[in-house]
Amino acid sequence: MLDISTKDFNRLVTFMKSSYGIDLSKKRQLIVGRLSNTITGMGMSSFTEYVDHILRTKDPSDVETLINKLTTNYTFFMREREHFDFFQHTILPWLEQSRQSKKVLSIWSAACSSGEEPYTMSMILKEYFANKPGWDTRLLATDISQEVLQTAQNAEYPEESLKDLPKGWKQKYFRKGSAPGQYVVAPEIKNNVIFRTFNLMDPIRFKLKFDVIFCRNVMIYFDQATKDALVKRMYDASNPGAYLLIGHSEGLNKTTTPYDYVMPATYRKKL
């Protein structure tokens, strides 16, 4: 295993923080453990050579490998189920009533990873609006990683990932995949999700302001100032009354957040 000097560690930490908001200042051992094989696999002999290469070229493929190695894209369908129950039973009835004139929803899965979160939301939307024609329920799903977005767009998952879905949903919303034990999301669910590459450090300038933002289990990688700035950008990009749902292991700064607290990991913009 390679070793990393304090100088190279600080250079890498600064680059990741300034470019992607990811705080690795306490992750020295993780960096060494997860990147050593990558570096030698690239034909390099030291972290100095690797960090020089990253900072000089900013090669998108190599930077993406770096991000994927140092963050965890672990998810499954219906992860943190309380959010999806609240989405179905509280948020959607409010949206149905308040958006009745245009019948357009604006929902964002802001760190969608390999797609399980937005596809879960898409299935819930399909269930809720099944007998309510005319609604545009398409939702936006973004991630910084092209690799996980490709997985999301392929929409094929192991059966284990589907185990927490409501009874009957596997048969209703999935088809048999390319190998035993693999399942592909049905077209009517897949086509309801619009995938885009997006860096959460960038200004949020989408066509519509949002009614709901799921931004779960990504701010664990940010320091407080970065989190506060992102939350403010999401607040400004949302409609009055919009909801923000974050991971259950995360929390907002109660003294600085403009959002009102609703329940654990769930916040709302003032109406």
Side-chain angles (χ1 to χ4, degrees), residues 73 75-100 102-130 132-145 148-155 157 161-162 165-166 169 172-174 184-200 202 204-218 230 233-235 237-247 265-269:
N73 291 298
T75 186
F76 50 89
F77 289 93
M78 282 286 180
R79 184 183 182 187
E80 298 182 344
R81 188 188 186 107
E82 298 89 345
H83 278 156
F84 296 112
D85 290 340
F86 187 78
F87 179 63
Q88 182 173 4
H89 299 299
T90 300
I91 297 177
L92 290 184
W94 167 67
L95 286 175
E96 181 189 6
Q97 183 180 30
S98 61
R99 304 294 183 262
Q100 189 66 236
K102 292 186 178 180
K103 293 190 174 183
V104 175
L105 307 181
S106 184
I107 300 168
W108 180 22
S109 172
C112 70
S113 187
S114 46
E116 289 91 337
E117 177 181 276
Y119 286 139
T120 299
M121 295 158 71
S122 184
M123 285 182 273
I124 292 170
L125 288 163
K126 184 73 171 177
E127 290 282 312
Y128 188 88
F129 289 99
K132 300 166 184 175
W135 283 87
D136 182 352
T137 63
R138 289 174 298 172
L139 61 101
L140 175 68
T142 67
D143 202 277
I144 196 172
S145 170
V148 296
L149 285 175
Q150 186 60 58
T151 299
Q153 289 171 312
N154 289 341
Y157 302 94
S161 182
L162 281 59
L165 286 172
W169 282 25
K172 192 173 184 180
Y173 295 126
F174 290 83
V184 178
V185 177
E188 65 266 27
I189 300 302
K190 182 180 178 181
N191 295 339
N192 200 50
V193 182
I194 301 164
F195 289 102
R196 295 285 184 271
T197 307
F198 185 71
N199 184 348
L200 289 173
D202 291 342
I204 301 171
R205 294 171 180 156
F206 293 106
K207 185 178 179 181
L208 299 176
K209 289 203 168 188
F210 294 103
D211 300 314
V212 186
I213 299 175
F214 276 62
C215 187
R216 305 189 306 164
N217 304 304
V218 66
L230 172 59
R233 290 197 299 277
M234 291 190 294
Y235 187 89
S238 297
N239 288 313
Y243 287 90
L244 170 66
L245 298 96
I246 65 175
T266 305
Y267 299 83
R268 194 179 192 190
K269 184 172 181 174

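Just so it is clear, the model here is predicted, and its values are computed rather than measured.
A salt bridge links Glu96 with Lys132: at least one charged nitrogen is closer than 4.0 Å to a carboxylate oxygen. Salt bridge status for Lys126 with Glu188: absent, with no side-chain N to carboxylate O gap under 4.0 Å.
Closest approach of Ala155 to Lys190, counting heavy atoms only: CB-CD, 4.1 Å. For the pair Thr75 and Ser114, the tightest heavy-atom approach, listed with the atom from each and the gap, is CG2-OG, 3.6 Å. Minimum interatomic distance between Leu245 and Arg216 (heavy atoms only, all atoms of both residues): O-CG, 3.4 Å. Taking every heavy atom of both residues into account, Leu139 and Ser122 meet most closely at CD2-N, 3.9 Å. Considering every non-hydrogen atom in both Phe174 and Met123, the closest pair reads CE1-SD, 3.9 Å. Contact record, Asn154 with Val184: O-CG1, 4.4 Å, taken as the closest heavy-atom pair.
Inter-residue side-chain proximity for Lys103 and Phe129 is flagged as unmet; no heavy-atom pair is nearer than 4.5 Å. Between Met78 and Trp169, the closest side-chain pair of non-hydrogen atoms falls below 4.5 Å. With a 4.5 Å cut-off on side-chain heavy atoms, Ser238 and Leu244 do not count as touching. Here the side chains of Met234 and Ile246 are not in contact, with every heavy-atom distance at 4.5 Å or above.
Between the side chain of Thr142 and the backbone N or O of Ala110 there is at least one donor-acceptor pair closer than 3.5 Å. Under the 3.5 Å distance criterion, the side-chain polar atoms of Asn217 are left unmatched by any main-chain donor or acceptor of Gly247. Distance alone, capped at 3.5 Å, is enough to place a donor-acceptor pair between the Asp143 side chain and the Ser113 backbone. A donor-acceptor pair under 3.5 Å is absent between the side-chain atoms of Asn239 and the main chain of Gly241, judged by distance alone. For the pair Lys269 (side chain) and Tyr235 (backbone), a donor-acceptor distance under 3.5 Å is present.
With rounding to the nearest 0.5 Å, the separation of OH in Tyr157 from OG1 in Thr151 is 7.5 Å. Residue Arg99 holds its CZ atom at 13.0 Å from CG of Asp136, rounded to the nearest 0.5 Å. To the nearest 0.5 Å, atoms CG (Asp85) and CD (Glu80) are separated by 12.5 Å. To the nearest 0.5 Å, atom CG of residue Leu95 and atom CG of residue Leu105 are 5.5 Å apart.
Stacking of Arg233 on the aromatic ring of Trp108 is not recorded, the 6.0 Å distance cut-off and the 45° axial limit not both being met.
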query: So Leu125 and Leu92, side-chain contact (heavy atoms from CB on, under 4.5 Å) or not? Walk me through it.
result: CA-CA 8 Å; Leu125 288 163; Leu92 290 184; 3.7 Å; yes

task: Could you walk me through whether Glu117 and Ser109 pass the side-chain hydrogen bond (donor to acceptor under 3.5 Å, both in side chains) test, one step at a time?
output: CA-CA 7 Å; Glu117 177 181 276; Ser109 172; 2.6 Å; yes

- request: Could you check Thr120 against His83 for side-chain contact (heavy atoms from CB on, under 4.5 Å), going step by step and ending with a plain yes or no?
  value: CA-CA 11 Å; Thr120 299; His83 278 156; over 6 Å; no

Step-by-step side-chain contact (heavy atoms from CB on, under 4.5 Å) determination, Cys112 to Leu149: CA-CA 8 Å; Cys112 70; Leu149 285 175; 3.6 Å; yes

- prompt: Checking side-chain contact (heavy atoms from CB on, under 4.5 Å) for the pair Phe210/Ile204: CA distance, chi angles, key distance, verdict?
  reply: CA-CA 11 Å; Phe210 294 103; Ile204 301 171; 4.3 Å; yes

message: Would Tyr128 and Phe87 count as a ring-ring contact (aromatic ring centres under 6.0 Å, His included) here? Give the steps.
response: CA-CA 10 Å; Tyr128 188 88; Phe87 179 63; 8.8 Å; no

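Using bins of under 30°, 30° to 60° and over 60° for the plane-to-plane angle, the ring pair Phe86/Tyr243 lands in the perpendicular bin.
For Asn199, the side-chain contact (heavy atoms from CB on, under 4.5 Å) partners are Tyr20, Ile144, Met201, Asp202, not counting sequence neighbours. For Tyr119, there are no side-chain hydrogen bond (donor to acceptor under 3.5 Å, both in side chains) partners two or more places apart in sequence or in a different chain. Under the side-chain contact (heavy atoms from CB on, under 4.5 Å) criterion, Gln88 pairs with Ile124, sequence neighbours left out.
In this structure, Gln100 places its CD atom where more than 12 heavy-atom neighbours from other residues, nucleotides or ligands lie under 6.0 Å away.
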